[in-house]
Amino acid sequence: MIKFIHQRLVSFKNAIVGWWYVIRTQKNAWIHAVATIVTVVIGFWLQLETGDWAMIVIVIAMVWTAEFLNTALEIVVDLASPDLHPLARVGKDVGAAGVLIAAVSAAIIGILVMGQPFVEKIQQVFAHLGS
């Protein structure tokens, strides 16, 4: 049992090392981080319902998962094909397209979930300022 627990702790450590690698080395991860923070802050400001939060968390996780898998794919392609190869390029482009699909889908879902409450909140703020 102790060996099992130790192995799980090592797995968590490895995952954190991988997470830190992505944050340190991938410029798009910074864009995702900013988008995540802005989305969460706006969600709290709008006082989203539990179901809305569930959707937001799912799409945030979807984008981050796509980014992490794309990074892993790029690293493995670079390892397998250090020289430029047309198929290596295609593999990387397809991985990047997956991230793009996830990010655009997340933005659309974010607008669907938070758009109307955001507009209403802004209108309330301006109505309050005008009175």
* To do: Kindly determine whether V90 and V94 satisfy side-chain contact (heavy atoms from CB on, under 4.5 Å), including the steps that lead there.
  => CA-CA 6 Å; V90 170; V94 170; 4.1 Å; yes
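- For residues 37-58, there are no side chain to side chain donor-acceptor pair (under 3.5 Å) pairs, not counting sequence neighbours.
- Checked by atom type and distance alone, the side chain of S81 never pairs as donor or acceptor with a backbone atom of V77 at under 3.5 Å.
- Using modelled atom types, one finds a donor on one side chain and an acceptor on the other under 3.5 Å when comparing Q116 with E120.
- Following chains of ILVMFWY side-chain contacts shorter than 4.5 Å, one cannot reach V22 starting from V76, and the two form parts of different hydrophobic clusters.
- Of all non-hydrogen atoms in M114 and L48, the two that sit nearest each other are SD-CD1, 3.8 Å.
- Under the 4.5 Å side-chain contact rule for hydrophobic residues, V59 and V63 do not share a cluster.
- In this structure, the separation between OG1 on T36 and NE2 on H32 is 8.5 Å, given to the nearest 0.5 Å.
- Among residue pairs with one or both ends in residues 64-91, those qualifying as salt bridge (Lys or Arg N to Asp or Glu O under 4.0 Å) are D78-K92, R89-D93; sequence neighbours excluded.
- Smallest separation of non-hydrogen atoms from G95 and N70: C-OD1, 2.9 Å.
- Note on residues 74-108: no pairs pass ring pair (Phe, Tyr, Trp, His ring centres under 6.0 Å), not counting sequence neighbours.
- For the residue pair P117 and L46, the shortest heavy atom distance occurs at O-CD2, 3.5 Å.
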* **Derivation and outcome, side-chain contact (heavy atoms from CB on, under 4.5 Å), residues I75 and T71** => CA-CA 6 Å; I75 292 167; T71 300; 3.9 Å; yes
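- Summarising the local packing, CE of M62 is surrounded by more than 12 heavy atoms from other residues, nucleotides or ligands at distances under 6.0 Å.
- From I56, atom CD1 reaches atom CD1 of I60 across 6.5 Å, with rounding to the nearest 0.5 Å.
- Residue pairs meeting the ring pair (Phe, Tyr, Trp, His ring centres under 6.0 Å) criterion with at least one partner in residues 3-25, sequence neighbours excluded, are W19-F68.
- Here the closest heavy-atom approach between residue F118 and residue I42 is recorded as CD1-CG2, 4.0 Å.
- Cluster annotation: M55 is connected to F44 through the hydrophobic network of ILVMFWY side chains, with a link wherever side-chain heavy atoms come within less than 4.5 Å.
- To the nearest 0.5 Å, atoms OG1 (T65) and CD1 (I58) are separated by 11.5 Å.
- The side-chain heavy atoms of V38 and V34, taken from C-beta on, include a pair separated by under 4.5 Å.
- Pairs passing the salt bridge (Lys or Arg N to Asp or Glu O under 4.0 Å) check and including a residue from residues 19-36, sequence neighbours excluded, do not occur.
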Let me check something: any side-chain donor-acceptor pairs from residues 99-112 under 3.5 Å, sequence neighbours excluded? List them with distances.
unit_1, atom_1, unit_2, atom_2, d
S105, OG, I101, O, 2.8

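- Taking a 6.0 Å sphere around CG of L9, one finds it holds more than 12 heavy atoms contributed by other residues, nucleotides or ligands.
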